[in-house]
Structures are given as structure tokens and as C-alpha cells.
Number of protein chains: 2
Amino acid sequence: MSLPTIRLAVDAVVFGYDPKEGISVLLIQRKYDPFKGGWALPGGLVNEDESLEHAVERELEEETGVKVDYLEQLYTFGNPGRDPRNRVVAVAYYGLVKKSDFILYAATDADDAKWFHWDELPELAFDHKDILETAIKRLRGKIRYEPIGFELLDDKFPFSDLHKLYENVLDKEVDRRNFKKKFLQLDILTELEEKVSEGPGRPGSLFKFNQEKYDKFKKEGFNFEI
Amino acid sequence: MSLPTIRLAVDAVVFGYDPKEGISVLLIQRKYDPFKGGWALPGGLVNEDESLEHAVERELEEETGVKVDYLEQLYTFGNPGRDPRNRVVAVAYYGLVKKSDFILYAATDADDAKWFHWDELPELAFDHKDILETAIKRLRGKIRYEPIGFELLDDKFPFSDLHKLYENVLDKEVDRRNFKKKFLQLDILTELEEKVSEGPGRPGSLFKFNQEKYDKFKKEGFNFEI
DNA sequence: ATCTAATTGTGTATTTACTACAATAATAAT
DNA sequence: ATTATTATTGTAGTAAATACACAATTAGAT
């Protein structure tokens, strides 16, 4: 019996957030065939001695210059035929970053690296559209019962930013007052003395995310649902 | 650049249910080294032209004789060193079956195939303990907001069986009356005229799972939480 | 036949969460 | 200063989740 020659790759769906523009996705323009010139998720083959997480982080930095601080395995896409050349099975990850933390640059397999608003995506190579849709669904599901999202906000932020983030991700209106009640009940935010006014309107206090209390909750299991 | 020689495998965590004994897990005894004679999850290498799902179903039937009707991808385990011989990345799946539907037999790589109560598991080969724990967590999480579990019950069942199943999986007491209210509100069960008495006590009606309504809910998204 | 233990069916308080609305306060623009 | 905009606070009605009580029905023991 000959050894199967299946290649193993990783792909990354990186969501970036900006309070003004909403959610974006990081894509690269392919330098080589197949799909030369087409847009695709950053990613590439896994090296023999590296972990999957390492492979994602490496490819991501090589191709785009982005280092993610939150990274989670999404799903493994393995249909024969998803790559026209060979059998390639891809383990997809998704990550969250503050968009403003990075200046993108393209290198190695990528001709360009760009943020696309998640409502205005170009055609994607391979089955990357499926991967992206899976990631969006997962993010939407996850944010409802686990307070992700602090990775997407500044260290100190007005409550309205958090609220907008949720409305952006969930793509629907969320009652501001009840949302705040629920979130403050969770007790993982620290309200600061400082205030900011963003444009007109009464300025709100800044909040800080309390990592300590968050870790405690994570151990004991969250009881939280938006 | 030489091609990485990473091998791709699938592993299956199959949960079986029996109202009297609770939840069991299907394990095989390994016929060959490494871990010869040790217990492990059924699984094996993926063929070049088959889908991952096909590979799981094939290996499962080859090694144990079990055909699963519910199968879902769990997680991909890819740490270098998880297999002492080579780099093997394993895509793990988990499935649910009615235990009484099968007579186990062991073949190919397996010397034996057996159900183990999930509280009394033997030592497992490779990182299969991690895989199993991940699967248990996932099952516990999933059953709380999606009415899985009908795969584990007979076609017609007294309500108490469903209740016991939940208490078994969640490993805690669940108020019988409130549980029933919540489940009946969901409106995916049909109450039959027939009654059964299991030992002493007032006999209860039998219920049937309503696949049609279930599918409708699945499309529109469940709003259900135990 | 009678009693006991086990189990199901039905119902009702009580508490908690959700939602909506109104009143008030702080700031920016004019 | 006046007005518009947005944030905060409070209140209250409604809905939902939870806890708990009790009657009804059966098998098996005596």
C-alpha cells in the first residue's frame, strides 16, 4: 500500500474591527497559480515539525505582517477537489485583531494584503468562501455566550463602542440599556473616572476589561447570553 | 524544498446510550504497535480520494461494525509528537448511536471492540484521552441548546427516558417538571396514546420525535436552552 | 384486599429577566 | 443662550424561568 500523499495546510480568517467602519476581513492577493491574482485567505502548508497554531501564525505574519492575539481553530476542510492541483486538507483558524494595531504588508506568496469590509467581499479562491462563512457563523455564535470582542477594542473604551461592536457582529439592533445591564451584571468591566465625548452628546465613562475576573469566570463557566 | 510528509488520519468518538447504563464510548483494542494491546479510539489514515466523513465512517465500520447516523466534526489534533512514529494529524469526529442497534465485531487493525461506560475508561493510546475529553465537553455544550439525543433513544420513548438522558449527559439533576414544560413548548415531540409502565409507578405516555418540525426549527434557528 | 413505594400529571407561587417608556443630565453646534 | 444630540437613571408592566406542592396511577409486598 502506497502512502497517501495528502498535503496539510492552514488558513486564517482574521477579523479586524474599527468602531467607525465595523468588521473587516484580511485577504491576500495570490502571486502564483492557481487563482493567480485572485483574493484568498492567508495560509499555506504546514511544516513537518511545527504545530498547527504555529503554522497559522507564521503564514499570517509572512504574508501580511499581522500577529493575532486571539486565535481559535474553526474547522477542517477536506473535500477532495477543493484544490485543483492536489489533495490538500486545510485546517482553518479564525482570529481577532484591532485593525489599527497593524500596517499591512504583502510578502512571499502574496502580491497584496488588504482589509475588506465583510459586506463587500471579492470573489475568493478555492473554497475560501465556505471557510469565511463558517467563520462568520462561529463568531456570531460565540460572541453571544462568551464575551470575546475585547480583542477588538482599545484598552479603554466607552460603553457605546462595545455596544456598537455587538450590533455590528450580530448584524441587528440590540437594546442599549438591557445590553448594558446584562454586561455590567457579569462584572468583568471596570468603570473608570475618565470620560470621553465622541462628537456631540453627553460623554460616557470609559471602561476597562478586567482580565482577572474574566479568567475566573472562564474557569467556572460563563452564564451569559445576549 | 521537499514536501512535508505529514500523514492525515481520522478518529471517531462514538457515544452510545442505554437508559439503564447511561452513556458509553466505543473503543478498540489495538492489534499493532505502537500501543499494541492498548485501548484507543477507532480511526485510521484517510485515503487519497475520499472525504474525511467517508474515512471516518469506513474506518468505524471496518474496525467495529458500527454505522453512525449522526456524525459531526469535533476538532483537529495536530501536535507534533502525538504519534511516536511519524507526524500524524488527526481530524476527530464524534457521533451518536443507539447502543442496542449494533453487535460489535473487531476487524482489521482492531483486536477487540467494546463499549466502556464514560466514567470507567481505561488508559488510552496516543492523545486519545484529550480527544475524548474534548468530545464530552462538546456533547455537553451542544445538548443544552440543540435537541440532539433522539439518535440515542428508541423511536418511541417515555418522557422519563429523555429526562434521564439529559441528566446523564449533563451529569446533574434537572427538574423533571420544568424540563418537560420546556421541551414540550419546543413542539418537536408528538405524544402518543400508548402508555408504558416501567416497573412500579404510574405509566407515562410514549412520545415520538417529530423530524418535520425539528427540521423547520433547525432552519429558523433554535431558541432553546436547558 | 390493603399498604407502600415509585412514578407521572397538573397546578401554582415566587423570583428573575426582559422590554418599554419617561425624566434628567452633559455636551456640541448654532 | 438655545437647541439638538446622546448618555444615564429610574420605574413599571410583562414575560419567562424556577421552585415547590399535591393528586393520580400503578407494581409489588404483606
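Order of the sequence lines fixes the chain letters, A, B, ..., with proteins taken first and strands second; residue numbering starts at 1 for each chain.
- The interatomic distance linking B/K195 (NZ) with C/dA6 (C1') rounds to 17 Å, in whole Å.
- Ring geometry for B/F157 versus B/F150: interplanar angle of 30 to 60°, hence tilted.
- Between A/S160 and D/dT6 there is no side-chain N or O to OP1 or OP2 distance below 4.0 Å.
- Here C/dG11 presents its P atom at 14 Å from CG of B/L184, a figure rounded to the nearest Å.
- Contact of A/D175 with C/dA20 (side chain to base): no donor-acceptor pair of N or O atoms is detected under 3.5 Å.
- The side-chain contact (heavy atoms from CB on, under 4.5 Å) search around A/D111 returns A/Q29, A/K31, not counting sequence neighbours.
- Residue B/K182 contributes atom NZ, which lies 19 Å from atom P of D/dA15 at whole-angstrom precision.
- For B/R177, taking side-chain heavy atoms from C-beta onward, the closest of the listed nucleotides D/dT8, C/dG9, D/dA17 is C/dG9.
- D/dT8 atom C1' lies 11 Å from atom CZ of A/F207, rounded to whole Å.
- Take A/P122 and apply the side-chain contact (heavy atoms from CB on, under 4.5 Å) test, not counting sequence neighbours, and it matches A/L27, A/W39, A/F116, A/L124.
- With sequence neighbours left out, the side-chain contact (heavy atoms from CB on, under 4.5 Å) criterion links A/D175 to A/R177, A/N178.
- Side-chain nitrogen and oxygen atoms of A/S205 include none within less than 4.0 Å of the OP1 or OP2 phosphate oxygen of D/dA7.
- Computed from coordinates, the B/N178 CG to C/dT10 P distance equals 15 Å when rounded to whole Å.
- Within the 4.0 angstrom heavy-atom criterion, only backbone atoms of the sugar-phosphate kind lie near B/K180; the bases stay farther away.
- With salt bridges taken as basic N to acidic carboxylate O contacts below 4.0 Å, none links A/E133 and A/K137.
- Remark on DNA chain C: of its neighbouring residues B/R176 and B/K181, the 5'-side contact belongs to B/R176, judged by nearest-heavy-atom nucleotide.
- Between A/F159 atom CZ and D/dT9 atom C1' there is a gap of 15 Å when expressed in whole angstrom units.
- Separating the CZ atom of B/R144 from the P atom of D/dA17 is a distance of 13 Å, rounded to the nearest angstrom.
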Every protein N/O lying under 3.5 Å from an N/O of nucleotides 26-30 of chain D:
| unit_1 | atom_1 | unit_2 | atom_2 | d |
| --- | --- | --- | --- | --- |
| D/dT26 | O2 | B/G201 | N | 3.0 |

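- Residues that satisfy the ring-ring contact (aromatic ring centres under 6.0 Å, His included) test with B/F159, not counting sequence neighbours, are B/F179, B/F207.
- The salt bridge (Lys or Arg N to Asp or Glu O under 4.0 Å) check on A/R82 picks up A/D11, A/D127, with sequence neighbours excluded.
- Across the protein-nucleic acid pair, A/F179 atom CZ and C/dA20 atom C1' stand 19 Å apart, rounded to whole Å.
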